[in-house]
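Some notes on the structure that comes next.
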Amino acid sequence: MLDILLFLINGGAWALKPILEKVSVDSIGYFDFVFIRYFFCGLIALFVLTFNYLSGKKMFVLDNSKLTFNQTIGAGMLVCIIAMIAALANYKLLETYDASFVTPIVEAIILLMNAGLSVWLLGETVTSDMMIGIFFIIVGIVFIYREKMKIFK
């Protein structure tokens with residue numbers, strides 16, 4: 001039961017996020033908003049880091065890690081750069097189109113790219129059921145985007 005609640009909270013929060021982003025992007029523009037977002041993410045991260053430190057929790061423990069501390073820091077910086085580039089692209093799309101158009105396409109592409117990159121980079125396997133699901137995701141993107149595509153006009 002707890003898992004269902006966590007899925008609902010996660011899904012609801014991720015569903016609300018693009019709506020709030022659309023309002024913000026329409027207000028101040030996509031470029032400025034991405035930096036405001038990450039500035040506050042940094043402040044929140046510093047607060048949580050400080051709280052954990054003052055609570056006496058061990059920090060930066062890499063006992064069972066496949067990466068060294070420096071590699072972990074490098075990976076974190078790379079993820080941050082990729083996330084900022086993705087956010088800039090997402091906010092530019094939200095500035096141009098409705099959230100109800102952008103979000104389903106972006107989320108579907110995330111699923112497709114994640115499946116492909118997980119196979120390629122992590123060596124994970126894809127089952128036939130997953131391939132059928134991927135096919136339907138692609139069909140869904142075509143249905144959502146077909147009014148904008150010149151092929152179907």
Side-chain angles (χ1 to χ4, degrees), residues 2-22 24-25 29-46 48-49 52 58-153:
L2 177 62
D3 286 349
I4 296 293
L5 181 63
L6 292 174
F7 277 117
L8 289 172
I9 291 169
N10 189 359
W14 283 111
L16 183 60
K17 185 179 86 62
I19 293 166
L20 296 173
E21 289 169 337
K22 172 71 174 161
S24 299
V25 163
Y30 79 98
F31 195 78
D32 291 334
F33 182 67
V34 75
F35 294 105
I36 288 172
R37 175 189 174 194
Y38 279 96
F39 174 77
F40 282 106
C41 285
L43 288 178
I44 292 166
L46 284 174
V48 171
L49 195 62
N52 280 344
K58 282 187 171 181
M59 297 171 53
F60 306 118
V61 178
L62 301 173
D63 292 339
N64 297 322
S65 179
K66 296 177 183 176
L67 302 176
T68 65
F69 180 73
N70 288 340
Q71 290 171 328
T72 303
I73 296 297
M77 289 172 39
L78 181 61
V79 168
C80 184
I81 291 167
I82 291 169
M84 285 188 78
I85 292 168
L88 281 167
N90 189 41
Y91 295 161
K92 180 61 178 167
L93 287 168
L94 285 172
E95 188 176 69
T96 307
Y97 302 104
D98 293 338
S100 61
F101 174 75
V102 172
T103 304
I105 294 172
V106 168
E107 295 297 327
I109 291 171
I110 289 170
L111 295 173
L112 296 172
M113 295 292 293
N114 184 273
L117 291 171
S118 294
V119 169
W120 181 43
L121 297 173
L122 301 175
E124 297 179 0
T125 57
V126 175
T127 66
S128 56
D129 285 347
M130 292 167 72
M131 291 300 290
I132 293 168
I134 288 169
F135 169 76
F136 282 115
I137 291 169
I138 293 168
V139 170
I141 292 173
V142 170
F143 271 98
I144 293 168
Y145 196 70
R146 70 182 174 165
E147 289 182 16
K148 307 272 188 253
M149 293 170 59
K150 296 183 185 344
I151 300 170
F152 296 107
K153 287 190 175 184

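Every heavy atom of this structure was used, including side-chain atoms; hydrogens, water molecules and symmetry mates were not.
Counting non-hydrogen atoms of neighbouring residues, nucleotides and ligands closer than 6.0 angstrom, the OH atom of Y38 exceeds 12 such neighbours. Environment of CZ in F35: crowded, with over 12 heavy atoms of neighbouring residues, nucleotides or ligands closer than 6.0 Å.
In this structure, the separation between OH on Y91 and CD on E21 is 3.5 Å, given to the nearest 0.5 Å. Summarising the geometry, atom OH belonging to Y30 is positioned 12.5 Å from atom CG belonging to N90; distances are rounded to the nearest 0.5 Å. Taken to the nearest 0.5 Å, the SG atom of C41 stands 11.5 Å off from the CG atom of L46. Interatomic distance, I19 CD1 to D98 CG, rounded to the nearest 0.5 Å: 11.0 Å. One distance of note links OG of S100 with CD1 of I144; it measures 9.5 Å at 0.5 Å rounding. From I138, atom CD1 reaches atom CD1 of I109 across 10.0 Å, with rounding to the nearest 0.5 Å.
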(message) Test side-chain contact (heavy atoms from CB on, under 4.5 Å) on W14 and E107; report intermediate values, then the result.
(response) CA-CA 10 Å; W14 283 111; E107 295 297 327; 5.5 Å; no

(message) Before you tell me yes or no, could you show the steps for L112 and I141 under side-chain contact (heavy atoms from CB on, under 4.5 Å), namely the whole-Å CA-CA distance, both residues' side-chain angles and the distance that decides it to 0.1 Å?
(response) CA-CA 11 Å; L112 296 172; I141 292 173; 3.7 Å; yes

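The two residues V25 and L94 have their closest heavy-atom pair at CG1-C, 4.3 Å. Pairing each heavy atom of A99 with each of P18, the nearest pair is CB-O, 4.1 Å.
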In residues 119-132, what donor-acceptor pairs under 3.5 Å come from side-chain atoms, sequence neighbours left out?
residue	atom	partner	partner atom	Å
T127	OG1	M130	N	3.1

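The aromatic rings of F101 and Y97 sit tilted relative to each other, their planes meeting at an angle between 30° and 60°.
Salt bridge absent: K22 and E95 never bring a charged side-chain N and a carboxylate O closer than 4.0 Å.
Each of I4, N10, L6 was checked for a side-chain contact (heavy atoms from CB on, under 4.5 Å) with L8, and the lone residue meeting it is I4.
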